[in-house]
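Start at 1 with the first residue, then count along the sequence.
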Amino acid sequence: MPGPPVSLGCAVILSPGAAGPPDSGVILVISQTFVTAGGMPLAVIGSQCQMVNSLSGAPYMLPLGPAGGSASVTLSGQALVRVGDQIPSGPGIMTILGPPAAPYVADGGSP
């Protein structure tokens, strides 16, 4: 899904979650720091998300899975992550909600 790239603090949702119902979270750690938009590093596949289990409230870390993201833009060999991307991660599909790092930057490539 073409769209603007995301950065730290971007909201994500994992469905199904670790215990069944969807879990919510945010992107907390981005492995690459050399490409930025609006002064924020752009998220790539492998970035770490701080998730919250929807049943127990327990926090856990989950990396964005190895498949998905942009097919046309890679940073250090890792696909760029954009608003609207659906990336297989852990027990389910991670949906990238936003907000974008910089709404004036967009990747029009296929997922």
field: Results of side-chain hydrogen bond (donor to acceptor under 3.5 Å, both in side chains) for Q32 - residues two or more places apart only
entry: none

Results of side-chain contact (heavy atoms from CB on, under 4.5 Å) for A11 - residues two or more places apart only: L97

- request: Measure the shortest side-chain to side-chain distance between D85 and V6 over non-hydrogen atoms and say whether it is less than 4.5 angstrom.
  value: no

task: Please list, chain by chain and in numerical order, all residues satisfying side-chain contact (heavy atoms from CB on, under 4.5 Å) with L62, sequence neighbours excluded.
output: L14, M51, Y60, S89, M94

message: Taking side-chain contact (heavy atoms from CB on, under 4.5 Å) as the definition, give me every residue that meets it alongside T33, ordered by chain and number, with sequence neighbours left out.
response: none

query: Can you list the residues that meet the side-chain hydrogen bond (donor to acceptor under 3.5 Å, both in side chains) rule with S54, with sequence neighbours excluded?
result: D23

task: Give me the other members of the hydrophobic cluster that V26 sits in, counting Ile, Leu, Val, Met, Phe, Trp and Tyr linked by side-chain heavy atoms under 4.5 Å, directly or via other members.
output: none

query: Quick one: side-chain hydrogen bond (donor to acceptor under 3.5 Å, both in side chains) partners of T74, sequence neighbours excluded?
result: none

- request: Could you work out the complete set of other residues in the hydrophobic cluster of M61, with links drawn between I, L, V, M, F, W and Y side chains under 4.5 Å apart?
  value: L28, V29

- request: Any chance you could pull the hydrophobic cluster mates of L55, using side-chain heavy atoms under 4.5 angstrom and chaining through other members?
  value: none

Would you tabulate the side-chain donor-acceptor contacts of residues 35-49 under 3.5 Å, counting partners in other chains and residues two or more places apart, or write 'none'?
residue, atom, partner, partner atom, Å
S47, OG, V44, N, 3.2
S47, OG, V44, O, 2.7

field: Separation of S24 OG from Q50 CD (nearest 0.5 Å)
entry: 10.5 Å

task: With sequence neighbours excluded, give me every side chain to side chain donor-acceptor pair (under 3.5 Å) pair touching residues 8-19.
output: none

